[in-house]
Amino acid sequence: MGTRQNLHLRIAFLLMPCIPAWSLASVASPTLADSPQTVEMELAGQDGNERHGYGNCQWLFPHDTCQETDLKLPELASEDPVFYVAKFGEADDSVFTFVIDKTPDSKNSYNVVYVDANNDNRIDPKTERFPFTLGSTRKATPLRIPLMVTNGDVTAPYFVNFTAFPYQDKNNRKQRVHANLRNSSYYKGEADFDGQRHNFIVLDLNSNGRYDDDELKLFKGDRLLIDLDHDGHFRSFEDPKKNESFPLSRFTFVAGRWFSILPSPDGSRAKIAAVDPPMGVVEAAPHVSRVKLRSASQTLDLIFHDGQAEAIVGAYEIHEIELTSPRGEALEWSLTARLKKNDRPKVVVTKDETLKLDVGEPLRVELDIEPQKNRARMVKLRMQIVGNRGATYLYNEDQEIVAPPGLIVLDSNERPVATWPVRNRIILGDIGNSWSVPRSFTGKYELWPVVDLPGLDFETVGREVEFRDGKIVMP
């Protein structure tokens, strides 16, 4: 193995132009505005959540017997019904039982689902029976089922999309019929955020029957959508003053101001007030353009200008880092690292003080190679761009890469003998790429990653590999 600076001078590769990701927060200072508002929300979404975001689901594992011992069941037709348990709302009894069955004319396929929809511990054989079509992991037509879900002292309608399908994996080796449930309704209302009335929506993206869960990570909570431009659509924008999609947090940056937006657990009401939270300053290296911070109750997507951004005071973990090419570069690039749970640095933002983030540069471009089992002369290549805190960066692929990162192979005399064809495009990360090694490869070779990131401090790290007739000679 060796290290070589600026190897890309041997072979030039271009990188894609990129559009930065969507914004949830900004550097603008908030100002107090409208008086507190209490909005009565309306249940909506007969078309489900599909037009507003896919969201998460409850995965239902199969049981041979009913898990609610006091539930009164209807007479079931088949000898092998499948039972499922779901949980919705915050009542003492938040368990809902689903059971699929086969009718005599079903040709031994599950085609009816029963559910204790009003959670009264009795399944009505007429009003709580729904025909459905058994799907597959590739395609399943959802059945929309109305439930009555309780949060506190409020019991209200709540719609779910039910699908069921045969499934098995390494943790479920025997094929069984699994199911999932996804929320298919939302609440909408109207409020003043900037001197004008705007339609807004509260989505239960984690599909647990509550509308007040902070979105701690994508789909792991609830979401706010606000139609700021009055066009009837809800979009994510880079500009925080135009952004219309927000993770539910303690504070939300809307149209250039901070607000406290608190939906009730059942979704029927929302309390909204302009706020002026305590702020600190976050400082980062020049190429750091965005950093996503999360705490137990707050998500911040910081956009850096001249190396600085404002942030609400608090203790956070760093979840994402984005590096962007300097302005004026002929070749634009953008890299994003999404940090794994155990790799997230913890930081604290303090009022009126500056926090300096040690993230980003210098970077290393690393290459790993391993033989593929039972495939002669086939190897797997893995290329990674690694930051100074161990974060692994990927190219932002909002646009097609014109010329992706590549690979050069040098023989023992350091002469180029092979390059990775541009059309085959190196994929960064754990997935890797398959490469058929030429049979003529015998002896020791150096494999070097080739990237072009103008203005960025990075080094490439190569690998020395021995081949015999195109096959790796293992140490």
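On a predicted model such as this, the values are computed, not experimentally measured, just so you know. Each residue takes its place number in the sequence, starting with 1.
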task: For residues F246 and W258, establish whether the separation of their ring centroids is below 6.0 Å.
output: no
Within-4.5 Å side-chain heavy-atom neighbours: N119 and T155: no
message: Consider salt bridge (charged side-chain N to carboxylate O under 4.0 Å, His left out). Of R294, R250, R223, which one does E215 pass it with?
response: R223
query: Is there side-chain contact between L181 and Y84, with at least one heavy-atom pair below 4.5 Å?
result: no
- request: Please test Y110 against F132 for side-chain contact (heavy atoms from CB on, under 4.5 Å), starting from the C-alpha separation and ending with a verdict.
  value: CA-CA 8 Å; Y110 293 101; F132 85 103; 4.1 Å; yes
query: Are any side-chain N or O atoms of D227 and backbone N or O atoms of G232, one a donor and one an acceptor, separated by less than 3.5 Å?
result: yes
query: So, E90 side chain and G152 main chain: donor-acceptor pair closer than 3.5 Å or not?
result: yes
- request: Measure from the side-chain N and O atoms of S207 to the backbone N and O of N56, and report whether any donor-acceptor pair falls under 3.5 Å.
  value: yes
field: Short side-chain to backbone donor-acceptor contact, D213 and D222, under 3.5 Å
entry: no
- line: The reported gap from CD in E75 to CD1 in I123 (rounded to nearest 0.5 angstrom) is 14.0 Å
query: Got a second to check how far I385's CD1 is from L453's CG, nearest 0.5 Å?
result: 5.5 Å
- prompt: With no hydrogens and no angle check, is any side-chain donor or acceptor of D101 less than 3.5 Å from a backbone partner on S78?
  reply: yes
message: Using a 3.5 Å distance criterion without hydrogens, assess whether the side chain of R210 forms a donor-acceptor pair with backbone atoms of P265.
response: no
field: CG/D169: more than 12 non-hydrogen atoms of other groups inside 6.0 Å
entry: yes
field: Within-4.5 Å side-chain heavy-atom neighbours: E68 and F83
entry: no
- request: Check side-chain contact (heavy atoms from CB on, under 4.5 Å) between S264 and all other residues, then give those that pass, not counting sequence neighbours.
  value: D266, S268, R269
field: Approximate separation, where rounding is to 0.5 Å, of L225 CG and H198 NE2
entry: 14.5 Å
- prompt: Which heavy-atom pair separates R197 from E190 by the least distance, and what is that distance?
  reply: NH2-O, 3.1 Å
- prompt: Y211 vs Y187 aromatic rings, parallel, tilted or perpendicular, using cut-offs 30° and 60°?
  reply: perpendicular
- prompt: Is any side-chain heavy atom of L394 less than 4.5 Å from a side-chain heavy atom of T336?
  reply: no
message: Check whether Q372 reaches the backbone of M378 with its side chain - one donor and one acceptor, N or O, closer than 3.5 Å.
response: no
- prompt: Which heavy atom in L302 sits nearest to a heavy atom in A309, and how many Å separate them?
  reply: CB-CB, 4.0 Å
message: Which heavy atom of T299 sits nearest to which heavy atom of S249, and what is that distance?
response: N-OG, 3.1 Å
Heavy-atom pair of closest approach, residues M41 and G267: CB-O, 3.2 Å
query: Which class fits the ring pair F98 and F162: parallel under 30°, tilted 30 to 60°, perpendicular over 60°?
result: parallel
task: Show your reasoning for whether salt bridge (Lys or Arg N to Asp or Glu O under 4.0 Å) applies to R290 and E320.
output: CA-CA 8 Å; R290 309 169 80 95; E320 293 184 20; over 6 Å; no
task: Any chance you could lay out the side-chain contact (heavy atoms from CB on, under 4.5 Å) test for R122 and D124, step after step, and finish with the verdict?
output: CA-CA 6 Å; R122 172 185 174 273; D124 188 293; 3.4 Å; yes
message: Pair L335, L456 - check side-chain contact (heavy atoms from CB on, under 4.5 Å), show working.
response: CA-CA 11 Å; L335 303 173; L456 192 63; 4.3 Å; yes
Beyond-backbone contact of Q67 with T97, side-chain heavy atoms, under 4.5 angstrom: no
message: Does atom CG (D231) have a neighbourhood of more than 12 heavy atoms from anything else shown, all under 6.0 Å?
response: yes
- line: Output for pair (L224 CG, I201 CD1), nearest 0.5 Å, gives 10.5 Å
Donor-acceptor under 3.5 Å (Q298 side chain, F251 main chain): yes
- prompt: If every non-hydrogen atom of R364 is compared with every non-hydrogen atom of E366, which pair is closest and at what distance?
  reply: NH2-OE2, 2.5 Å
message: Any non-hydrogen side-chain atom of E370 less than 4.5 Å from a side-chain atom of R382?
response: yes
field: Trace of the side chain to side chain donor-acceptor pair (under 3.5 Å) decision for T103 with D105
entry: CA-CA 5 Å; T103 59; D105 60 348; 2.6 Å; yes
- prompt: Parallel, tilted or perpendicular for Y167 and F165, by the 30°/60° rule?
  reply: perpendicular
Steps toward side-chain contact (heavy atoms from CB on, under 4.5 Å) verdict (Y114, E128): CA-CA 6 Å; Y114 295 93; E128 296 179 317; 5.8 Å; no
query: Should M279 and I312 count as side-chain neighbours, where that means a heavy-atom distance under 4.5 Å?
result: yes
- prompt: If you measure from NZ on K292 to CD on E322, what distance do you get to the nearest 0.5 Å?
  reply: 10.5 Å
- prompt: When you measure from the side chain of S260 to the backbone N and O of V275, does any donor-acceptor pair fall under 3.5 Å?
  reply: no
- request: Determine, stepwise, if the pair D80 / K102 fulfils salt bridge (Lys or Arg N to Asp or Glu O under 4.0 Å).
  value: CA-CA 9 Å; D80 54 349; K102 308 170 186 175; 3.0 Å; yes
- request: For the residue pair R176 and D64, establish whether any side-chain heavy-atom pair is separated by less than 4.5 Å.
  value: yes
query: Got a second to check how far R344's CZ is from L339's CG, nearest 0.5 Å?
result: 7.5 Å
task: Provide the closest heavy-atom pair for N388 versus D358 in the form atom of the first, atom of the second, distance.
output: ND2-OD1, 2.9 Å
message: Using a 3.5 Å distance criterion without hydrogens, assess whether the side chain of E244 forms a donor-acceptor pair with backbone atoms of D229.
response: yes
